[in-house]
Amino acid sequence: MRPTLATVQLDAIVHNYHVAERLTPASQNIAVIKANAYGHGMVKVAQALESSVPAFAVAFMDEAIQLREAGISRPILVMQGASHASDIAEAAANDFWLMHHDQQQTDWVLSAKSSGPVTVWLKVDTGMHRLGLEPALLDQICAELLTSPNVRQEVVMCTHLACAADLDSPMTGQQVKTLRSCAGQYKLALSIANSAGILCWPESHAEWNRPGYMLYGNDPTRSIDGDSFGLIPAMTMQSEVVAIRYLEPGDGVGYGLDWVAKRPSKIGTIAIGYGDGYPRHAPSGTPVLVNGQRVPLVGRVSMDSITVDLTELENAETGDPVELWGRGLSVNEVASAAGTIGYEILASLTGRAPLVYSS
Ligand SMILES: *Cc1c(COP(=O)(O)O)cnc(C)c1O
């Protein structure tokens with residue numbers, strides 16, 4: 001069997017959820033498990049967390065339906081809300097909470113011939129300018145929704161932070177202030193914080209928080225490892241050295257022979273590539289762990305393999321264990337070398353390297 005796989009430690013995800021709870025004692029935390037739980041396997045992660053969390057969050061109705069079909073019974077917040085008028089009745093029947101960001105979605109709720117009231121979260125655009133109701137529209141929408149028999153009267157007002165991973169930005173404080181002033185007169189519960197808000201912006205903590213990335217053991221505010229609130233990376237992407245080559249100075253490696261040996265070099269080939277989700281743009285120098293030691297990637301990332309410089313590791317041989325990211329090497333650091341973010345690496349896993357669970 002191919003030695004390339006992602007081990008996922010479900011216990012670590014539960015531990016990381018408790019870190020979020022510990023940092024926000026006055027909040028309830030909804031576990032965000034969209035995009036296949038950031039590549040960790042949505043149903044497995046939901047099963048592991050279900051007894052600890054009040055609710056889950058996904059982006060789309062289809063993801064929520066998939067969770068119900070797998071037997072998950074907690075409420076599920078659908079963060080892009082309804083896409084069709086018919087989604088309202090389906091949400092009401094399945095205890096999906098709809099995060100609504102525009103007038104059309106709220107009109108569907110008001111006019112639904114529903115099987116019962118639906119839970120609505122109102123998303124306000126406090127400055128990200130992506131999704132959300134303009135504050136000026138709120139008076140009218142609240143007047144309608146807060147008196148409608150189609151709406152369960154636990155409406156939550158929410159927003160999404162644009163710059164929370166930038167600890168110097170004044171934007172987060174401004175967004176929190178704007179939302180609080182929008183909600184004040186209606187005395188609604190609030191939801192603002194994502195992972196970065198939970199970790200670094202106490203003023204963003206509210207009745208409900210929405211941690212995602214941190215649950216998987218990664219701190220979105222750091223590109224290099226460090227003590228990040230005791231978070232434990234849940235996934236280790238691992239493989240093996242499958243071949244070794246000895247190069248003379250001037251010999252090139254991989255497509256385009258982009259990397260050229262400057263000294264007699266020992267090159268290891270590892271059985272993972274962009275066909276598995278290893279970032280294709282990772283340049284020479286991106287760290288890889290072989291036998292627990294850092295070595296640099298050299299040459300281009302191929303679909304099925306990468307090459308690393310093992311010249312400093314005299315004893316390295318085929319069959320040696322490799323970690324691409326995980327506890328020993330933060331996915332944030334690999335992402336930063338590749339010009340992306342850990343979120344993208346995790347969400348882009350292709351499934352060719354299987355997920356193997358340990359509790
Ligand atoms: C994805 C998402 C989150 C979670 O963000 P993290 O940075 O992963 O914690 C929270 N809220 C909304 C609206 C999202 O789309």
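Counting starts at 1 for both ligands and their atoms, in listed order. Predicted model, so just to flag it, every value in this text is computed and none were measured.
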Quick one: closest heavy-atom pair of Met171 and Thr126, and the distance?
-> CE-O, 4.0 Å
The atoms of ligand 1 lying under 4.0 Å from a heavy atom of Met79, numbered in the order shown, are 2 (C), 11 (N), 12 (C), 13 (C), 14 (C), 15 (O)
Atom 9 (O) of ligand 1: nearest protein contact (heavy atom, Å) = Ser195 OG, 2.5 Å
Do me a favour and list the nearest non-hydrogen protein atom to atom 5 (O) of ligand 1 with residue, atom name and distance?
-> Asn194 CB, 3.6 Å
Note: heavy atom closest to atom 8 (O) of ligand 1, options Tyr38, Tyr216, Trp121, belongs to Tyr38
Show the numbers, then the answer: is there a side-chain hydrogen bond (donor to acceptor under 3.5 Å, both in side chains) between Asn332 and Tyr213?
-> CA-CA 11 Å; Asn332 288 340; Tyr213 194 57; 2.4 Å; yes
In ligand 1, the atoms that come under 4.0 Å of a heavy atom of Tyr213 are 6 (P), 8 (O), 9 (O)
Could you check which of Lys123, His160, Lys34, His101 puts a non-hydrogen atom nearest to atom 15 (O) of ligand 1?
-> Lys34
Any ion pair linking Arg263 and Asp309 (charged N to carboxylate O, less than 4.0 Å)?
-> yes
Test side-chain contact (heavy atoms from CB on, under 4.5 Å) applied to Ala93 - qualifying residues, sequence neighbours left out | Ser115
Evaluate salt bridge (Lys or Arg N to Asp or Glu O under 4.0 Å) for Glu312 paired with Arg294, printing each intermediate quantity in order.
-> CA-CA 10 Å; Glu312 308 289 337; Arg294 276 174 180 251; over 6 Å; no
Tell me: protein heavy atom nearest atom 7 (O) of ligand 1, and distance?
-> Tyr343 OH, 2.6 Å
Is any side-chain N of the basic residue among Asp304 and Arg352 closer than 4.0 Å to the acidic one's carboxylate O?
-> yes
Can a salt bridge be assigned to the pair Arg180 and Glu207 using a cut-off of 4.0 Å between side-chain N and carboxylate O?
-> no
Determine whether the side chain, the backbone, both or neither of Arg210 has a heavy atom under 4.0 Å from any heavy atom of ligand 1.
-> both
So is there a nitrogen or oxygen of Pro211 less than 3.5 Å from a nitrogen or oxygen in ligand 1?
-> no
